[in-house]
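All remarks here apply to the structure that follows.
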Amino acid sequence: LRGARSAADVALKGDARGTCPAPTTQYGVYARNFEGTEMSTLSENETRELVLANHILYRHGVVDGFGHVSRRDSSDPNLFWLSRSMAPALVTAADILPFDMDANALVENPPAVYAERFIHSEIYRNHPEVMSVVHSHAPSIIPFGVVGDARLRAIFHMSSFLGQDTPIFEIRDHAGDASDLLIRTA
């Protein structure tokens, strides 16, 4: 398509969700830590890519009103960027926040943030090669989380990364039967 700069532009051409307002200095492009000193920033392009990732994943049904995507900071591997708690289809550059490896938002008076941000921080902490994390409630995967005997298995060559046996994490074994099933700490 004429005027498209990337595959993301093509995927969202003509869709209002594809518009990304210029990043503000509040969050996405510039942040200050709690002492008020400058810290790592996302470039305008990196911010735009994260906004578009939210929109594309929503548009293709990977995330719904509850999913989200983050990216590791390209200059500081101990930081990651994630939108404030909101529907992915509505994310703008102004909604992107920096987080540390303990999942603390590194801005003064942060807006509401996702409770599941700890999943992102723990994946980044334990897997330095990971540059992005998607958390979703995909209807095609949910049955594997509620049927104890069903195992997620590779059924075609593109899913071979799953290996022979995918482990099941049963939160009730760790948090008890009264758990709301949310991981709230790093």
Side-chain angles (χ1 to χ4, degrees), residues 27-28 31-35 39-43 45-47 49-54 56-58 60 62-64 66-86 88 91 95-107 110-155 157-186:
Y27 299 128
R32 292 181 176 274
N33 67 15
F34 293 111
E35 288 77 41
M39 55 177 280
S40 183
T41 61
L42 275 182
S43 71
N45 190 51
E46 290 171 319
T47 302
E49 287 177 351
L50 186 52
V51 169
L52 287 172
N54 277 275
I56 290 168
L57 290 171
Y58 169 77
H60 291 283
V62 176
V63 297
D64 55 16
F66 301 104
H68 34 84
V69 58
S70 66
R71 73 176 296 152
R72 189 186 293 270
D73 190 280
S74 58
S75 61
D76 185 346
N78 294 312
L79 295 176
F80 67 97
W81 297 79
L82 175 69
S83 73
R84 65 185 178 94
S85 182
M86 65 186 308
V91 171
D95 301 312
I96 306 298
L97 303 169
F99 291 85
D100 64 18
M101 288 296 118
D102 291 323
N104 297 309
L106 299 177
V107 295
V113 294
Y114 296 110
E116 302 95 341
R117 68 193 183 279
F118 298 104
I119 296 169
H120 296 254
S121 67
E122 288 304 306
I123 290 171
Y124 289 129
R125 183 191 325 266
N126 290 290
H127 297 279
E129 72 281 8
V130 170
M131 298 305 291
S132 185
V133 174
V134 176
H135 172 85
S136 75
H137 300 217
S140 59
I141 300 297
I142 290 174
F144 292 99
V146 297
V147 179
D149 294 338
R151 303 297 263 181
L152 185 60
R153 298 183 311 153
I155 58 171
H157 71 287
M158 295 301 290
S159 57
S160 63
F161 67 92
L162 293 172
Q164 294 294 318
D165 190 34
T166 304
I168 293 177
F169 174 76
E170 176 53 69
I171 196 167
R172 289 174 290 238
D173 291 345
H174 301 276
D177 289 334
S179 170
D180 63 4
L181 305 181
L182 292 178
I183 298 172
R184 297 184 187 274
T185 59

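The backbone N or O of Val130 lies less than 3.5 Å from a partner atom in the side chain of Arg72, making a donor-acceptor pair. A donor-acceptor pair under 3.5 Å links the side-chain atoms of Ser132 to the main chain of Ser70, judged by distance alone.
Leu79 contributes atom CG, which lies 11.0 Å from atom CG of Asn104 (distance to the nearest 0.5 angstrom). From Asn78, atom CG reaches atom CZ of Arg125 across 9.0 Å, with rounding to the nearest 0.5 Å. The CG atom of Leu50 sits 12.0 Å away from atom NE2 of His68, with the distance rounded to the nearest 0.5 Å. To the nearest 0.5 Å, atom CZ of residue Arg117 and atom CD of residue Glu122 are 12.0 Å apart. The line from CZ of Phe118 to CD1 of Ile123 is 13.5 Å long, rounded to the nearest 0.5 Å.
Trp81 and Asp73 get closest at one heavy-atom pair: NE1-OD2, 2.7 Å. Closest approach of Leu106 and Phe99 over heavy atoms only: CD1-C, 4.0 Å. Closest of all the heavy-atom pairs between Ser136 and Val62 is CB-O, 3.1 Å. Minimum interatomic distance between Tyr114 and Met86 (heavy atoms only, all atoms of both residues): OH-O, 2.6 Å. Residues Asp64 and Pro88 approach most closely at O-CD, 3.1 Å, considering heavy atoms. Taking each heavy atom of Arg84 and Ala112 in turn, the nearest pair found is CB-O, 3.4 Å.
Under the 30°/60° scheme for interplanar angles, the aromatic rings of His120 and His135 are found to be tilted.
With Glu49 as the partner, the side chain to side chain contact (heavy atoms under 4.5 Å, CB included) test is satisfied by one option alone out of Thr47, Asn45, Leu52: Asn45. Exactly one residue among Val63, Val133, Val134 makes a side chain to side chain contact (heavy atoms under 4.5 Å, CB included) with Val69. That residue is Val134.
The shortest side-chain heavy-atom distance between Asp95 and Pro111 does not fall under the 4.5 Å cut-off.
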